[in-house]
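Okay, structure first, notes after.
Reckoned from all heavy atoms, side chains included, excluding hydrogens, waters and symmetry mates. In this chain, residues are counted from 1 in sequence order.
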Amino acid sequence: MTSHRNLPQDDPDEAFGLPSPYDPDPEAGDTAWFLPDLPDDDPADQPGPRADRRILVDAGEWRLAEAAQAAELARAAAELGRLDMMTEHLGEGAVTRLALIEAEAMAWAEGTRLRREEIGRDLMARATDPRLHTDLARARWALRRLEQRPAPPGGLRDFLGLHEADPDTVSAVPGDFRRRLAGAEFSAAAADFGMGLAELDDAHPLTRAAFAYRLWPLCSLSASGVVTEPATAASRIAASENRMIGFAPCATARQVWNSGGTAEERLRRWIVSVRSGALAAMLDLRRLDSWAVSARATTAGIKGRTPARLIDALISRPLLSTEDAALTTGISRDSAERMLARMLDAGVVREITGQSRFRLWTAAT
């Protein structure tokens, strides 16, 4: 029996000793927390001690699949590289905009109808539906990691935001929430994952990403049904050679996160998803650029440079508070509020809180 349990350490909403906010709410009939969390049809879902599940994934099959799809792999990598150059030109705001879209898609893949506007309001500490607290915490976790500059996930404890608690703290956690491997068991699973992924060290990052997504649940690194954690890890592995955007978007083909099949089938779907995701992301950023041109034309008759500065601010960030608008333009908060309201009437911006105070604004693309 393990004496330690992994608990979240980087979410300000969770006090020390509470269960991870990233795990989904338990449902009636769930497998007991101390048994492996695997789909019912998974060949490794057998009673008994936890085995090394890397043997269920043949790295050689993935090498053959990569060789068979080298041309499509190169096309997907090229589109991802073009997206990286575009985000490098537009800045970090473009990355955050795309990360919001990706976090929304991951939530939907888990069966949570969470909208990017809700994630954005939560990110800006605006009021949200308390019933969405757990889902928003998971989306916030993903968003923080998707926004980071390109790099492999690194140590899984740090990546997942976990730390070990003493046995007394663990005993205070309700049993229904004890769904993740803990202590030495988690360390062993993480080691299995690392050694398995190392077998494809010389493969293309997109191949390694698809392989990692397959290996993750076999090592029981997340609770059954969780998409956000392995999808975020795989997405960052895929983009590890980028310069600006630290993830490979798959929002337009999110079914890739819930699909099975052979190594060749899985890799083919992953490559298609990354390519279509990169193309869709570039289209979204081009739409933003077109909005900026149109917004400047619409506000050309307004005296002063305030409208132009607000448009620049909305290009560089997906959400803008009235306070940020005032700081950006060097005018008073009341003046910024009036100018944004005027731009709202002109159809240039949207307000997403539906409130009369503490409002948030976004480009009306």
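- Atom CG of L98 sits about 5.0 Å away from atom CD1 of I245, to the nearest 0.5 Å.
- Applying the side chain to side chain donor-acceptor pair (under 3.5 Å) rule to E102 yields no partners; only residues at least two apart in sequence or on another chain are considered.
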Could you walk me through whether R208 and D201 pass the side chain to side chain contact (heavy atoms under 4.5 Å, CB included) check?
CA-CA 8 Å; R208 298 184 73 244; D201 267 349; 3.2 Å; yes

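- In this structure, the side chains of L146 and W141 stay at 4.5 Å or more apart for every pair of heavy atoms.
- Shown here are the side-chain contact (heavy atoms from CB on, under 4.5 Å) partners of A233, two or more places apart in sequence or in another chain: P153, F159, W216.
- Both L279 and V274 are assigned to one and the same hydrophobic cluster, defined by single-linkage of ILVMFWY side chains at heavy-atom distances under 4.5 Å.
- Scored by the side chain to side chain donor-acceptor pair (under 3.5 Å) test, S235 finds no partners at all (sequence neighbours excluded).
- Sorted by first and then second residue, the pairs that involve residues 78-90 and meet salt bridge (Lys or Arg N to Asp or Glu O under 4.0 Å), not counting sequence neighbours, are E79-R82, E88-R243.
- Put simply, CZ on R113 and CH2 on W108 are 5.0 Å apart, with the number rounded to the nearest 0.5 Å.
- Considering only residues two or more places apart in sequence or on other chains, E265 meets the side-chain contact (heavy atoms from CB on, under 4.5 Å) condition with T262, R268, R269.
- In E241, the CD atom is not crowded: 12 or fewer heavy atoms of neighbouring residues, nucleotides or ligands sit closer than 6.0 Å.
- Here the closest heavy-atom approach between residue R254 and residue A105 is recorded as CD-O, 3.5 Å.
- Summarising the geometry, atom CG belonging to L136 is positioned 5.0 Å from atom CG belonging to L114; distances are rounded to the nearest 0.5 Å.
- Considering only residues two or more places apart in sequence or on other chains, S276 meets the side chain to side chain donor-acceptor pair (under 3.5 Å) condition with T252.
- Between the side chain of T207 and the main chain of A203, no donor-acceptor pair closer than 3.5 Å is present.
- Applying the ring pair (Phe, Tyr, Trp, His ring centres under 6.0 Å) criterion to W361, with sequence neighbours excluded, gives no partner residue.
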Check step by step if side chain to side chain donor-acceptor pair (under 3.5 Å) holds for R157 and S187.
CA-CA 9 Å; R157 286 190 188 278; S187 297; 2.7 Å; yes

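- With sequence neighbours left out, the salt bridge (Lys or Arg N to Asp or Glu O under 4.0 Å) criterion links E351 to no other residue.
- Taking 4.0 Å as the cut-off between side-chain N and carboxylate O, R115 and E104 do not count as a salt-bridged pair.
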Can you check salt bridge (charged side-chain N to carboxylate O under 4.0 Å, His left out) on R342 and D345, steps first, answer last?
CA-CA 5 Å; R342 189 171 177 180; D345 291 339; over 6 Å; no

For a side chain to side chain contact (heavy atoms under 4.5 Å, CB included) check, start with the C-alpha distance between F247 and T232, then their side-chain angles and the critical distance, and finish with the verdict.
CA-CA 8 Å; F247 68 96; T232 300; over 6 Å; no

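- The closest donor-acceptor contact from the side chain of N258 to the backbone of A109 lies under 3.5 Å.
- Between R359 and E337 there is a salt bridge, since at least one side-chain N of the basic residue sits less than 4.0 Å from a carboxylate O of the acidic one.
- With sequence neighbours left out, R63 forms a side chain to side chain donor-acceptor pair (under 3.5 Å) with D202.
- For I352, the side-chain contact (heavy atoms from CB on, under 4.5 Å) partners at least two apart in sequence or on another chain are E117, R121, L319, R350, L360, T362.
- Considering only heavy atoms from C-beta on, I119 stays 4.5 Å or farther from R140 through its side chain.
- Counting heavy atoms from C-beta on, the side chains of R149 and E92 come closer than 4.5 Å.
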Show me the side-chain donor-acceptor pairs of residues 286-295 shorter than 3.5 Å, one per line, residues at least two apart or across chains.
unit_1, atom_1, unit_2, atom_2, d
R287, NH1, D284, OD1, 3.2
S290, OG, R286, O, 3.2
W291, NE1, V348, O, 2.8

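- Distance alone, capped at 3.5 Å, is enough to place a donor-acceptor pair between the R236 side chain and the Q148 backbone.
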Under 3.5 Å, side-chain donor or acceptor atoms of residues 304-315 against the rest of the protein: list the pairs with distances, not counting sequence neighbours.
unit_1, atom_1, unit_2, atom_2, d
R309, NH1, T329, O, 3.2
D312, OD1, R296, NH2, 2.5

